[in-house]
Every structure is written in structure tokens, then in C-alpha cells.
Amino acid sequence: MSKKTFTLTNDQTGENWTFPVVESTQGPSAIDIRPLFAKTGHLTLDPGFTSTASCSSGLTFIDGDEGILQHRGYDIRDLAENTSFLEVAHTLLYGDLPNRKEKEEFEKNIIYHTMVHEQIHHFFRGFRRDAHPMAIMCGVVGALSSFYHDSLDIWDPRQREISAHRLIAKIPTLAAMSLKYMLGQPFVYPRNDMSYAENFLHMCFSVPAERYQPSPALVKAMDKILILHADHEQNASTSTVRLAGSSQANPFACIASGIASLWGPAHGGANQAVLEMLKQIGHKNNIPQYLEKAKDKDDPFRLMGFGHRVYKNYDPRAAVLKSSSDAVLDELGVDDPMLELARELESIALEDDYFIERKLFPNVDFYSGIILKAMGFPTEMFTVLFAVARTVGWISQWKEMIEEPGHRIGRPRQVYNGPTLRPVLPLKKRPAKG
Ligand code: CMC
């Protein structure tokens with residue numbers, strides 16, 4: 001326990017209150033203000049959570065100034081180069097990279113849970129064919145809680161573990177089904193003899209009439225994309241999952257809430273928005289005009305795939321993706337003018353004072369869309385892929401929260417700024433408006 005404290009002074013009365021500091025192992029420590037309201041009668045106000053740690057967590061560390069991202073102490077570049085997605089999933093869920101025996105056991109646990117209840121196929125048929133796959137994902141993932149009653153007791157550690165395995169295993173199956181449904185093709189059942197990434201590609205791209213075998217380079221690229229999106233500290237969707245979970249809601253419902261939160265273009269929806277923006281820009285000659293739009297406060301246009309709440313140097317995930325985009329495009333034999341346009345846009349924006357002063361750099365979504373497009377995914381699927389990977393982070397964060405002794409329901413307060421008490425007037429006496 002830290003001996004450091006902070007003292008708060010009421011400038012009007014001169015009263016002082018002292019609060020303990022909770023030390024971190026790396027990164028900023030926090031002033032523990034839990035007794036603040038009881039002691040002072042005042043709340044703190046921080047609507048975008050720019051100065052608020054909502055929890056303590058041992059999963060992911062980000063240093064935004066240095067462009068560092070680590071999971072359980074392992075650097076993201078090291079993980080992306082030297083491990084598989086399921087090894088990263090094991091690390092997030094259990095705290096460490098698996099040894100050989102643990103790896104085999106974990107992979108078996110996941111790969112043998114990839115099928116979904118056959119009744120779920122009927123669920124899909126209720127959606128319109130032109131439904132956005134994220135809309136389908138919000139619905140079907142929430143619906144999992146109506147199929148797997150035997151793992152809903154959140155106080156039973158074994159049931160928590162089974163739910164976590166089920167979610168990690170079944171989310172690619174549901175994601176692939178949402179793609180197939182959109183395309184009007186038959187659902188493809190998972191194959192237990194394939195790796196996680198290979199099976200996902202198989203379920204997305206094979207059709208019963210033809211043999212499909214993704215190249216090892218494609219499988220590796222898919223696996224890397226999944227690793228890079230696996231977890232990212234207390235972002236909007238993870239905080240949503242934690243808040244939903246704090247009310248003791250079941251894990252399937254919590255993950256569905258995370259998917260809903262991820263969908264927005266300021267968060268996971270940005271990867272789809274980047275491609276739409278590049279299409280809109282169309283040619284490098286139009287870049288200056290769009291940069292002006294992005295800088296104009298009266299114009300809602302923003303440079304999608306640029307900026308981050310925490311990274312103020314470079315998003316390390318974008319760096320890994322940027323360096324692998326060439327290799328992937330070469331392997332696929334794709335010469336995408338969008339990549340050229342994206343690179344040009346990045347280099348012009350990075351020289352521009354507006355972006356320099358605000359420390360706006362490309363984030364993970366800037367390059368992921370280009371790679372996913374080259375792999376053959378339609379743009380509507382980009383955020384779904386993000387959700388597949390992030391399910392690992394969400395469920396690991398949920399598990400960490402439930403297992404923390406003394407955790408309580410998340411219940412923020414507010415500064416009320418509405419009307420004060422007033423009487424209800426009879427209808428005939430209420431004033432005319434407009
Ligand atoms: N284009 C133009 N201006 C921007 C951009 C952008 N992409 N991002 C931030 N700014 C400006 C913003 O207008 C503000 O300017 P000023 O100080 O003059 O008012 C300043 O930079 C700070 O921006 P902010 O909105 O206060 O920053 P934030 O931390 O609240 O928002 C963000 C972070 C990621 C939502 C934002 O940068 C953004 O909207 N980026 C585009 C969407 C995007 O790429 N999202 C993916 C994020 S990474 C993956 C993920 O989280 O899922």
C-alpha cells in the first residue's frame with residue numbers, strides 16, 4: 001500500500017481532506033477518491049473519463065506518449081511476431097503465455113466449441129438480407145444466453161470459464177454466418193482440424209460447390225489482425241461490458257452490449273468508415289480539400305482512422321499493420337490504389353500543423369480496412385472482425401472484474417442541471433409554445 005497522499009482544500013472554508021494514492025506497476029498512479037463524497041459532499045465531474053481510472057486491471061498496459069501496448073507485460077510487436085491469437089487469448093484470460101501442454105488443452109477447448117446450436121440458424125432467417133452484420137451480431141450474441149443455460153451462473157468459476165470458452169469459440173462462427181447471410185450463401189460449418197484463423201477464413205470464404213484452402217500467408221495475416229485487436233484497456237466497448245457485467249448480467253448479454261458499443265464510427269466502426277472516406281476522397285489531388293474539411297469545426301467530417309484518446313505519438317498496432325500491408329498485398333497479388341491513397345493522405349496529414357499540434361496520428365483502423373478489403377471481406381464485415389478479436393479482451397476483462405473481491409455495481413452520479421421543483425399545472429393552464 002502506497003504511503004503517498006493528496007490533499008484537497010476547500011478554498012472557501014479552508015478545510016482539508018487527504019486521499020491515498022493507489023500505485024500502478026507502470027504508468028500513472030491514481031488518487032483514490034472513493035470517500036470523497038462522504039467526506040466533502042461533492043462529486044467529481046469527468047464526462048469523457050479523461051482523468052478517471054474506472055478500475056484496476058492487470059491485463060493491458062498502454063503508454064500513449066511512447067506508443068507502447070502490452071498485454072500481461074508482453075509487447076504487442078513481440079506477440080504479433082511470435083505467438084498465435086489463441087496464445088494471446090490464453091494470456092489475457094489466464095495471465096500468462098501457455099506452455100506446450102496448456103496450449104494444446106486450450107486450443108482443444110476452443111476448437112471443440114466452435115459449432116453453434118442448430119436452432120440459431122432459424123434466428124438468422126428472421127433478419128432482412130440487407131441487415132448490417134453488426135446488427136445481426138448484437139442480436140445473436142445476446143441470444144446465446146437463451147441457448148446455454150448451463151453456463152450462466154456467474155458465481156461458479158467453472159461456468160464462467162465455459163462461457164468464456166464458448167464465446168471465444170463461437171463468435172467467429174456467428175460472424176461468418178452473418179457474412180454468408182448477407183451474401184445469400186449457405187452457412188459453412190466449422191472445421192475442428194483447422195486453426196482458429198484458418199477455420200474463420202474457411203467459414204467466410206468456402207462454398208459447398210468448391211474446395212477452399214487459404215494460403216499460409218493469408219492465415220498468418222488473419223491471425224495477426226486478430227492479435228492486434230484482442231484487447232485495449234478500458235476503451236468504450238470494454239467499459240460497456242464491465243458496466244453491464246457489474247449489474248451481474250450474464251456474460252453473453254454483456255458481450256452483446258460490447259458489440260453495440262463497438263459499432264460506432266468513433267470506435268470500432270472507424271475501420272469501415274476509413275474505406276468509405278478513401279472512396280469519397282477518390283484521388284490524391286483531392287486530399288488538400290478533405291484535410292480542410294477535417295479542420296473546419298463547422299463541418300462534421302473527420303479524418304477517419306486518425307487520432308486516439310490515449311496514443312499521442314503513434315498507435316503501435318497501426319505500425320505493425322502498416323509494415324505487414326505490403327507483404328499481404330503482394331501475397332494476394334493485389335495492387336490497391338487505395339493503399340497508395342492512404343499512404344499519401346497519411347504523409348500529407350503528418351506534415352500539417354493542425355494534426356501535429358493535436359498529436360493526431362493514424363490508428364489501428366487506418367490500415368486494417370485496406371488489408372481486410374484485399375482479403376476479400378466486404379466493408380460491412382470490418383467491424384465484425386474487430387468484434388471477433390475483441391471478444392477475448394471483453395470476456396477476460398469481465399472475468400477479472402467478477403473475480404475481484406468486493407467489486408460493486410458501476411453507478412456513476414451526475415451534476416444535475418435541470419429545473420428545480422415546480423407544480424404540475426392543469427392542461428388548460430399550461431402555456432402555449434412556439
Ligand atoms: N480529424 C480531425 N480532427 C480531429 C480528429 C480527426 N480524426 N480527431 C481529433 N480531432 C481534433 C478534434 O476536433 C479536437 O480539436 P480541437 O482541440 O481544436 O477542438 C482535437 O483533435 C481533440 O479531439 P477529441 O475529439 O477531443 O479527442 P478524443 O480523445 O475525444 O477522440 C477519437 C478520440 C478517436 C474519437 C477521435 O480522434 C476521432 O473521432 N477519430 C476518428 C475516428 C477514429 O478513427 N476512431 C478509431 C479510434 S482507434 C480504434 C478504436 O478505438 O476502436
Side-chain angles (χ1 to χ4, degrees), residues 46-52 54 60 62 64-65 67-69 76 134 137 225-242 257-278 280-281 287-322 342 345-346 348-372 379 381-394 397:
D46 185 16
F49 297 107
T50 44
S51 297
T52 298
S54 60
T60 294
I62 300 176
D65 293 326
I68 291 172
L69 168 61
I76 190 67
M134 280 299 275
M137 292 299 281
I225 288 175
L226 294 173
I227 291 175
L228 293 174
H229 289 84
D231 191 47
H232 212 230
E233 211 223 49
Q234 306 311 318
N235 54 80
S237 57
T238 303
S239 300
T240 305
V241 169
R242 277 186 177 259
S257 74
I259 294 174
S261 171
L262 184 75
W263 193 1
H267 191 10
N271 53 14
Q272 176 174 344
V274 169
L275 255 261
E276 283 158 2
M277 175 192 74
L278 290 173
Q280 199 184 344
I281 296 176
I287 292 175
Q289 172 198 337
Y290 279 91
L291 282 190
E292 286 317 305
K293 270 167 79 62
K295 293 190 253 178
D296 180 356
K297 296 290 167 214
D298 297 325
D299 190 327
F301 179 83
R302 279 192 166 197
L303 218 50
M304 299 314 286
F306 261 75
H308 198 274
R309 170 62 62 80
V310 187
Y311 294 121
K312 300 299 173 198
N313 176 336
Y314 205 92
D315 180 342
R317 303 167 301 171
V320 175
L321 277 180
K322 188 181 179 185
L345 177 61
E346 178 187 356
I348 297 178
L350 291 180
E351 303 261 297
D352 190 296
D353 283 347
Y354 174 95
F355 290 87
I356 295 170
E357 279 160 20
R358 288 168 182 76
K359 301 187 174 172
L360 300 171
F361 294 89
N363 57 50
V364 68
D365 294 315
F366 193 68
Y367 282 103
S368 64
I370 290 165
I371 301 184
L372 294 173
T379 44
M381 278 300 287
F382 294 178
T383 315
V384 175
L385 274 131
F386 197 154
V388 168
R390 188 55 59 85
T391 293
V392 161
W394 289 330
Q397 298 261 359

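A quick note: this is a predicted structure, and the numbers were derived from the prediction, not measured. Each ligand, and each atom within it, is numbered from 1 in the order the structure gives.
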Protein heavy atom under 4.0 angstrom of [atom], is there one?
| atom | result |
| --- | --- |
| atom 22 (C) of ligand 1 | no |
| atom 32 (C) of ligand 1 | no |
| atom 26 (O) of ligand 1 | no |

For this session: Go through ligand 1 atom by atom and flag the ones less than 4.0 Å from a non-hydrogen atom of Gly268.
Result: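 Answer, ordered by atom number: 52 (O).
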Exercise. Which ligand 1 atoms, with their elements, are less than 4.0 angstrom from a heavy-atom of Ala270?
Worked result: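 Those atoms are 43 (C), 44 (O), 45 (N), 46 (C).
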Quick test: of every protein heavy atom, which one is nearest to [atom], and how far off is it to 0.1 Å?
| atom | answer |
| --- | --- |
| atom 40 (N) of ligand 1 | Phe306 O, 2.9 Å |
| atom 47 (C) of ligand 1 | Asn363 ND2, 3.6 Å |
| atom 34 (C) of ligand 1 | Gly307 O, 3.7 Å |
| atom 20 (C) of ligand 1 | Arg358 CD, 3.8 Å |
| atom 42 (C) of ligand 1 | Met304 CE, 3.4 Å |
| atom 48 (S) of ligand 1 | His308 CD2, 3.5 Å |
| atom 2 (C) of ligand 1 | Ala294 O, 3.6 Å |

Quick one: does [X] get within less than 4.0 Å of ligand 1, heavy atoms only?
| X | value |
| --- | --- |
| Tyr354 | yes |
| His232 | no |
| Pro265 | yes |

Hey, is [X] touching ligand 1 through its side chain, its backbone, both or neither, going by heavy atoms under 4.0 Å?
| X | result |
| --- | --- |
| Phe386 | side chain |
| His267 | both |
| Leu303 | both |

Exercise. In Å and rounded to the nearest 0.5 Å, what is the CG to CG distance from Asp352 to Leu303?
Worked result: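 It comes to 9.5 Å.
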Exercise. Can you tell me how far the CG atom of Leu345 sits from the CD1 atom of Ile287, to the nearest 0.5 Å?
Worked result: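 Answer rounded to 0.5 Å: 5.0 Å.
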Nitrogen or oxygen of [X] less than 3.5 angstrom from that of ligand 1:
| X | answer |
| --- | --- |
| Phe355 | no |
| Gly305 | yes |
| Arg309 | yes |
| Ala266 | yes |

Exercise. If you look at every heavy atom in Arg317 and Tyr311, which pair is closest and at what distance?
Worked result: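 Distance-wise, the nearest heavy atoms are NH2-CE1, 3.9 Å.
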[X] versus [Y]: any side-chain heavy-atom pair under 4.5 Å?
| X | Y | answer |
| --- | --- | --- |
| Ile370 | Leu278 | yes |
| Arg242 | Gln234 | yes |
| Lys295 | Tyr290 | no |
| Asp231 | Val392 | no |

From the candidates [options], the one that places a heavy atom nearest [atom]:
| atom | options | answer |
| --- | --- | --- |
| atom 5 (C) of ligand 1 | Asp315, Leu262, Leu360 | Leu360 |
| atom 46 (C) of ligand 1 | Asp365, Thr383, Val310 | Asp365 |
| atom 38 (C) of ligand 1 | Lys297, Glu357, Lys312, Arg302 | Arg302 |

For this session: Would you sort out whether Ser237 and Ser261 count as a side chain to side chain donor-acceptor pair (under 3.5 Å), showing the intermediate values?
Result: CA-CA 5 Å; Ser237 57; Ser261 171; 5.0 Å; no
Exercise. Can the ring centroids of His308 and His232 be said to lie less than 6.0 angstrom from one another?
Worked result: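 Yes, they do, as the ring centres are separated by less than 6.0 Å.
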Problem set entry | is_close_aromatic(Phe355, Phe306), centroid dist under 6.0 Å |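 Ring centres of Phe306 and Phe355 closer than 6.0 Å.
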For this session: Using modelled atom types only, decide if a donor and an acceptor are shared between the side chain of Arg390 and the backbone of Thr238 within a distance under 3.5 Å.
Result: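 Pair absent, no side-chain N/O of Arg390 close to backbone of Thr238.
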Would you say [Y] and [X] are linked by a side-chain donor-acceptor pair, where the criterion is simply a distance under 3.5 Å?
| X | Y | value |
| --- | --- | --- |
| Asn235 | Ser239 | no |
| Glu276 | Gln272 | yes |
| Thr52 | Asp46 | yes |
| Tyr354 | Glu292 | no |

